[in-house]
Amino acid sequence: MVGLGPRKPPSRKGSMAGVPKDLLDQINRLEELFTVPQEKLKQITEHFKAELTKGLTVEGGSIPMNPTWCMGFPTGYETGTFLALDMGGTNLRVCEISLPEEKGEFDIIQSKYRMPEELKTGTAQELWDYVADCLQQFIEYHHEGEELGRLPLGFTFSYPASQDYIDHGVLQRWTKGFDIDGVEGKDVVPPFEAALAERGVPIKLTALVNDTTGTLIASAYTDDQMKIGCIFGTGCNAAYMEDCGSVPKLAHMKLDPKLHMAINCEWGAFDNEHKVLPRTPYDIIIDKESPRPGQQAFEKMIAGLYLGEIFRLVLADLHGNPDVCIFEGQDIGKLKKAYSLDASFLAAIEEDPFENLSETADLFANKLSLTATQPELELCRRLAELIGTRAARLSACGVAAICKKKGWESCHVGADGSVFNKYPHFKARGAVALREILGWTGRKDPIEILPAEDGSGVGAALIAALTLKRVREGQNAGIRDPEAMLKGCGGK
């Protein structure tokens with residue numbers, strides 16, 4: 001099978017010898033449905049490249065290609081003390097990052113605060129009050145009795161937002177379980193700053209940061225070969241540095257065409273028109289039954305949120321097929337529950353080292369109350385491999401498309417997210433696909449996807465540092481109020 005990539009050493013061989021014909025036929029059908037051959041990868045990459053370019057035009061395309069106003073990479077010699085605030089779905093994380101004189105070094109202290117569930121559906125005032133309270137607690141705990149100037153803050157706000165300025169952002173829509181009235185379509189910064197001012201917290205919001213852009217900058221700080229930051233987790237995204245002269249939708253700003261600007265691609269929306277991605281009937285069901293049909297087409301085929309659901313839909317479909325005997329005579333009630341399986345379920349199946357797949361059998365018994373026969377387990381193992389492999393191979397198309405667009409023949413890509421970090425063989429399978437797309441034959445891959453640095457903490461603080469540095473140098477593009485930003489802020 002092309003592009004499966006190497007398996008871990010204690011790998012089981014697997015045997016289809018005892019698999020009955022009906023299940024064997026289905027395995028063959030699934031192989032055809034989910035396998036993405038080399039030529040298809042190349043075709044997807046070319047279309048992806050064209051769509052990235054289209055997203056930068058005035059008219060735009062389905063990939064948003066949002067300018068972030070983070071202008072240029074760090075040198076590694078930035079100095080000062082900066083805060084980062086990361087507002088996730090379950091935790092609020094506050095970090096203080098000190099950048100010493102040594103190149104690419106940093107010290108970090110951090111605290112986590114639980115994000116109460118009731119806040120997610122409460123009022124905007126309650127949300128910002130809670131966030132400001134956490135920041136106040138952090139400052140009081142770590143700087144008790146100190147005379148502080150205002151500390152610059154990078155706020156990792158990983159929800160879709162449009163930014164005309166680096167220090168402001170209009171929320172387009174809530175995700176991650178948040179649904180707070182009166183915030184969508186509004187600038188999130190003024191109410192946040194008002195809550196800080198009310199408490200007298202010595203902080204100045206300097207940059208509103210997307211976690212993917214943070215990943216790019218944090219990784220580039222410690223590795224100057226880094227050119228792209230990616231997230232492969234519950235969702236998916238990428239950011240890279242573009243020349244302002246190649247961004248027609250910024251032409252009205254009359255920026256120096258050689259200036260760099262980080263672009264937050266939001267590439268989960270690639271191919272919303274369904275021109276090139278090899279969607280199966282199961283992908284079509286996922287899209288139709290999702291809260292936003294017709295959107296995030298790429299994300300729905302590669303992101304962790306959907307991998308388990310694709311697997312579940314296939315098994316439920318096979319059970320309902322009169323020509324296939326699977327889980328015969330058993331109650332599949334639990335299998336019928338949408339989104340009851342996540343990517344970790346597939347990961348556990350792929351990691352089962354035993355010839356008889358006993359861990360997978362236990363998984364089915366415990367999670368789904370199903371007793372699976374050996375042939376059924378073989379089919380499930382193969383299906384998990386196919387879904388996981390397809391996700392990794394399609395992911396590589398996005399990375400290859402950015403590299404081809406920019407003419408980069410060698411670079412490092414910093415990747416983060418639960419799927420990249422925890423899903424078995426994801427890295428190796430992605431590397432195999434990159435090799436196929438870009439036609440490499442040598443022993444060392446010129447473009448490598450490596451684990452990223454902490455984007456939502458260190459990355460956000462670095463972007464705050466870079467923003468302050470350029471305002472001091474008089475580069476005020478994308479800064480709403482340069483004077484207010486400099487007033488009393490530390491950092492060099």
Side-chain angles (χ1 to χ4, degrees), residues 68-86 93-111 135 138-156 166-167 201-209 211 213-229 239 241 258-262 411-414 416 450-479 482-492:
T68 64
W69 300 102
C70 167
M71 304 183 79
F73 282 118
T75 60
Y77 292 108
E78 289 71 18
T79 58
T81 300
F82 303 88
L83 294 179
L85 169 66
D86 178 13
R93 182 168 65 119
V94 182
C95 311
E96 183 179 301
I97 286 105
S98 302
L99 306 176
E101 302 285 338
E102 294 81 18
K103 186 178 193 291
E105 294 292 318
F106 60 86
D107 296 308
I108 181 168
I109 51 174
Q110 56 185 319
S111 298
L135 283 164
F138 183 89
I139 296 285
E140 286 173 356
Y141 182 77
H142 293 291
H143 297 281
E144 194 179 355
E146 289 180 41
E147 271 300 309
L148 290 176
R150 289 202 302 170
L151 287 167
L153 171 77
F155 183 178
T156 300
I166 195 162
D167 49 346
V201 185
I203 286 173
K204 173 62 187 159
L205 188 138
T206 309
L208 199 64
V209 178
D211 59 346
T213 314
T215 296
L216 168 66
I217 298 301
S219 301
Y221 180 70
T222 58
D223 176 355
D224 49 22
Q225 289 186 66
M226 282 288 173
K227 298 270 183 78
I228 302 171
M241 209 56 81
K258 293 189 197 69
L259 272 180
H260 286 138
M261 167 91 74
C411 70
H412 288 166
V413 178
D416 204 352
L450 304 167
E453 290 292 339
D454 166 21
S456 54
V458 177
L462 282 165
I463 292 171
L466 290 172
T467 304
L468 207 50
K469 184 178 163 193
R470 74 176 174 90
V471 173
R472 288 214 166 93
E473 291 166 357
Q475 283 192 35
N476 295 332
I479 313 286
E483 278 181 36
M485 185 175 286
L486 288 176
K487 204 171 154 189
C489 263
K492 292 178 195 167

Below 4.5 Å, heavy atoms only, C-beta onward: do [X] and [Y] meet side chain to side chain?
X	Y	answer
Phe82	Leu99	yes
Asp167	Met485	yes
Pro152	Leu83	no
Thr75	Lys469	yes
Tyr221	Phe106	yes
Glu144	Ile139	no

Please find the pair of heavy atoms, one from [X] and one from [Y], that lie closest to each other, and give the distance.
X	Y	value
Ile463	Cys70	CG1-SG, 3.9 Å
Met226	Val413	SD-C, 3.6 Å
Gly414	Ala452	C-CB, 3.7 Å
Leu151	Thr81	CD2-O, 4.0 Å
Thr206	Thr467	O-CG2, 3.8 Å
Ala461	Ala84	N-CB, 4.1 Å

Quick one: pull up [atom1] in [X] and [atom2] in [Y] and give me the separation to the nearest 0.5 Å.
X	Y	atom1	atom2	answer
Ile217	Thr222	CD1	OG1	11.5 Å
Glu96	Ile108	CD	CD1	10.0 Å
Asp223	Cys411	CG	SG	10.0 Å
Glu102	Thr79	CD	OG1	11.0 Å
His412	Ile228	NE2	CD1	12.0 Å
Met261	Thr213	CE	OG1	11.0 Å

Item to check | Chi angles and distances behind the side-chain contact (heavy atoms from CB on, under 4.5 Å) call for Val458, Glu453 | outcome: CA-CA 8 Å; Val458 177; Glu453 290 292 339; 5.8 Å; no
Item to check | Ile166 vs Ile479, side-chain contact (heavy atoms from CB on, under 4.5 Å): CA-CA, chis, key distance, verdict | outcome: CA-CA 6 Å; Ile166 195 162; Ile479 313 286; 3.6 Å; yes
Checklist entry - With sequence neighbours left out, what residues match Arg93 under side-chain hydrogen bond (donor to acceptor under 3.5 Å, both in side chains)? => result Gln110, Asp454, Ser456
Checklist entry - Under 3.5 Å, side chain of Ser219 to main-chain N/O of Thr215, donor-acceptor pair present? => result yes
Item to check | Heavy-atom donor-acceptor pair, Thr68 side chain to Ala262 backbone, under 3.5 Å | outcome: yes
Item to check | Any residue meeting salt bridge (charged side-chain N to carboxylate O under 4.0 Å, His left out) with Asp211, in chain and number order, not counting sequence neighbours | outcome: none
Checklist entry - So Leu462 and Ile97, side-chain contact (heavy atoms from CB on, under 4.5 Å) or not? Walk me through it. => result CA-CA 9 Å; Leu462 282 165; Ile97 286 105; over 6 Å; no
Checklist entry - Yes or no on side-chain contact (heavy atoms from CB on, under 4.5 Å) for Arg470 and Met71, after CA distance, side-chain angles and deciding distance? => result CA-CA 9 Å; Arg470 74 176 174 90; Met71 304 183 79; 3.6 Å; yes
Checklist outcome for this item: Those residues at least two apart in sequence (or on a different chain) that pass ring-ring contact (aromatic ring centres under 6.0 Å, His included) with His142 are Phe138
Next on the checklist: Does Glu483, at its CD atom, have more than 12 non-hydrogen atoms belonging to other residues, nucleotides or ligands within less than 6.0 Å?
Outcome noted: no
